[in-house]
Amino acid sequence: MPAMTREPTSYPYRFERTTDVSSLRARFGSLEEGAESGESVAIAGRIATVRGQGKVAFADLKDATGRIQLFARQDDLGDEGMAEFKALGVGDIVGAEGEVMKTRRGELSVKLKRTTLLAPCLRPMPDQWHGITNVEVRYRQRYLDLLMNPDAVRMVEARAQVNSTIRSFLNDRGFSEVETPLLHPIAGGAVARPFVTHHNSLDMDLYLRVAPELYLKRLLIGGMEKVYELNRSFRNEGVSARHNPEFTMLEAYEAYVDYDDTMALVESLVRAIAEALLGGLQLDIDGTVVDLAQPFKRMSMFEAIEASSGHDLRGVWESRDRNALASAARAAGVGVEDGSPLGKVLGDIFEATAEKRLIEPTFVVGFPKDISPLAKDHRSIEGFTEHTDLVLAGIEIAPIYSELNDPAEQRARFEQQARSRASGDLEALVADDDFLEALSYGMPPAGGFGLGTDRILMILLGAPSIREVILFPTLKPGV
RNA sequence: GGGUCGCUAGCUCAAUUGGCAGAGCAACGGACUCUUAAUCCGUAGGUUCAGGGUUCGAUUCCCUGGCGACCCA
């Protein structure tokens with residue numbers, strides 16, 4: 001613990017700024033060396049570096065828009081003002097008033113008339129030159145990461161850009177942003193394990209949502225035709241470079257269209273996001289250039305598996321030959337449990353062999369019914385649904401469905417999921433009778449999709465881990 | 001769940017074969033009237049992640065645990 005020697009008697013309540021650093025640079029950047037502008041300004045920020053020089057001294061002040069030099073002269077400040085300035089240390093938050101000028105060495109500066117300590121930094125700041133490299137410190141003390149590392153700030157801004165791009169894209173197309181519950185009496189809408197919590201006065205368990213899907217569909221039943229929710233959802237599963245227990249995604253639903261229409265919508269949205277973030281559609285994925293301007297590829301799950309492993313599993317699938325499929329799975333390094341439905345085995349093979357090889361944007365069209373209990377039956381492939389996953393950079397970023405709207409079929413799917421759960425699959429969907437009742441009032445045909453915003457940020461920013469794009473990723477408490 | 005690696009001052013990192021725990025930056029005190037990773041002199045700062053073991057002696061070797069990273073399932 002460092003000595004906390006400076007205990008100010010009060011922390012000021014506000015400081016009247018007249019401008020910020022980037023505005024100063026824009027207005028006065030062309031001042032001549034040694035010239036004084038004659039203009040007084042008041043700025044505020046954090047002291048980044050200090051350079052004492054006897055009866056003059058320099059400091060760099062950093063605000064959200066940039067960094068600028070403060071120039072203190074004893075002749076201007078007097079003994080007391082100079083002493084106050086020299087008492088400032090790296091990390092202190094100060095207000096600075098003075099005249100804009102440029103030093104003889106050509107550094108745009110504010111020649112101080114007065115400084116005000118607004119909030120002291122009581123601890124030593126990280127090394128100015130090396131910053132913070134320990135990722136654990138960067139995640140646990142993200143404020144230090146933001147102060148030291150421009151990439152961390154870029155991440156925050158990029159997420160804001162993605163969110164606003166999504167909102168304007170969908171709002172422009174007539175979608176309404178809605179908010180549905182995070183606390184669910186039944187955790188539905190995704191094949192995932194939920195977090196459980198408890199409501200004391202109702203004396204009932206509630207689940208943090210794993211997806212907003214079933215509530216958004218209730219809105220379609222209620223007559224809304226285009227809705228979306230930028231939502232935080234929660235899945236009680238392993239933590240990895242691609243999984244955080246809480247994560248952000250978009251879900252959107254549009255009545256009277258099918259998944260072909262929705263694929264086109266998602267394709268446009270992904271381009272809009274890339275354009276907003278990167279200013280173009282060329283993407284560098286670990287050295288591979290991907291051009292998002294090209295039409296996204298479409299292939300079936302069988303084609304994707306065949307392309308990566310050379311095995312055509314169509315015949316095996318059509319013959320429902322469990323042993324043949326299981327041996328294909330073992331060949332792909334996938335473990336098969338006795339009770340696993342064939343569709344799950346096929347999906348696991350796809351994930352293990354093909355998914356990570358799909359670098360260019362690819363719609364994998366058609367998912368087995370067993371692992372897609374909320375999508376309509378496929379029009380032509382037996383045992384499949386109209387469920388597409390958009391894969392980019394080897395990562396699934398967007399599931400897209402022709403939404404299942406037949407209550408009897410939905411009930412049958414829930415029953416199938418219940419059998420999976422009974423045989424040990426804790427991720428299987430729990431039947432939601434309230435949702436079935438809603439469906440029985442009639443839901444229009446609809447296309448819907450999800451888009452993992454954390455994952456798309458990772459891909460577009462080239463982040464190696466999801467923790468790089470989540471401000472405060474879930475970690476065990478430190479020691 | 002399995003494997004590998006990491007954890008030393010606020011930060012970035014050293015410490016020879018197991019032999020006095022150090023440097024730079026930051027902090028604190030001093031010098032210096034155009035510096036910009038300022039410079040110079042000085043001061044202070046440590047449960048070496050925790051606990052145990054081996055040893056005359058452990059940051060170092062061994063065991064258990066914690067946290068994190070990467071890879072695999």
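The figures here come from the full heavy-atom set of this structure, side chains too, leaving out hydrogens, waters and symmetry mates. The sequence lines fix the lettering, A, B, ..., with proteins before strands; numbering per chain opens at 1.
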Problem - Residues from residues 21-38 of chain A lying under 4.0 Å of RNA chain B - heavy atoms - result: none
Problem - Nearest listed nucleotide, side chain of A:T103, among B:rG68, B:rC34, B:rA37 - result: B:rC34
Completion exercise
Quick note, A:F58 side chain, CB onward, closest among B:rC34, B:rU12, B:rU36 is B:rC34
Exercise for the section: Decide, yes or no, whether a salt bridge links A:K344 with A:D425 under the criterion of side-chain N to carboxylate O below 4.0 Å. Expected result: no
Problem - N-O pairing of A:R314 and A:E306 below 4.0 Å - result: yes
Problem - Cation-pi, A:F472 ring and A:R142 (6.0 angstrom, 45 degrees) - result: no
Handout entry: Short side-chain N/O contact to B:rC70 OP1/OP2 from A:R467, under 4.0 Å
Key = yes
Problem - Residues forming a salt bridge (charged side-chain N to carboxylate O under 4.0 Å, His left out) with A:D76, sequence neighbours excluded - result: A:R73
Exercise for the section: Report the relative orientation of the aromatic rings in A:H387 and A:Y401; use parallel for angles under 30°, tilted for 30 to 60°, perpendicular for over 60°. Expected result: tilted
Handout entry: Within residues 37-60 of chain A or reaching into it, pairs that qualify as salt bridge (charged side-chain N to carboxylate O under 4.0 Å, His left out) - sequence neighbours excluded
Key = A:R27-A:E39, A:R51-A:D60, A:D60-A:R67
Problem - Polar pair under 3.5 Å, donor/acceptor by atom type, side chain A:E107, base B:rU36 - result: yes
Practice task
Have a look at A:Y139 and say if it touches a base, only the backbone sugar-phosphate, or nothing, with a 4.0 Å heavy-atom cut-off.
Solution key: sugar-phosphate
Handout entry: Distance between P atoms of B:rG66 and B:rA21 (Å, rounded)
Key = 30 Å
Handout entry: Touch class at under 4.0 angstrom, heavy-atom based, for A:K86 against every strand present
Key = base
Handout entry: Base B:rG24 to side chain A:D127, donor-acceptor N/O within 3.5 Å cut-off
Key = yes
Handout entry: Length of the line joining A:L88:CG and B:rC28:P, which is rounded to integer Å
Key = 10 Å
Exercise for the section: Look at all strands and tell whether A:N134 reaches a base, only sugar-phosphate, or nothing, counting heavy atoms closer than 4.0 Å. Expected result: sugar-phosphate
Exercise for the section: Indicate, with a heavy-atom threshold strictly under 4.0 Å, whether A:G52 touches base, sugar-phosphate, or nothing. Expected result: base
Problem - Sugar-phosphate only, base, or nothing, as touched by A:L475 at under 4.0 Å among non-hydrogen atoms - result: sugar-phosphate
Handout entry: Minimum-distance nucleotide to A:R51 side chain [options: B:rG68, B:rC11, B:rA38]
Key = B:rA38
Exercise for the section: Check every atom of B:rU12, B:rA69, B:rC34 against the side chain of A:T133 and return the nucleotide holding the closest atom. Expected result: B:rU12
Problem - Residue A:I132, side-chain atoms from C-beta onward, closest of B:rA27, B:rC11, B:rC34 - result: B:rC11
Practice task
Report which part of the nucleic acid A:G335 touches: base, sugar-phosphate, or nothing (heavy-atom distance under 4.0 Å, all strands).
Solution key: nothing
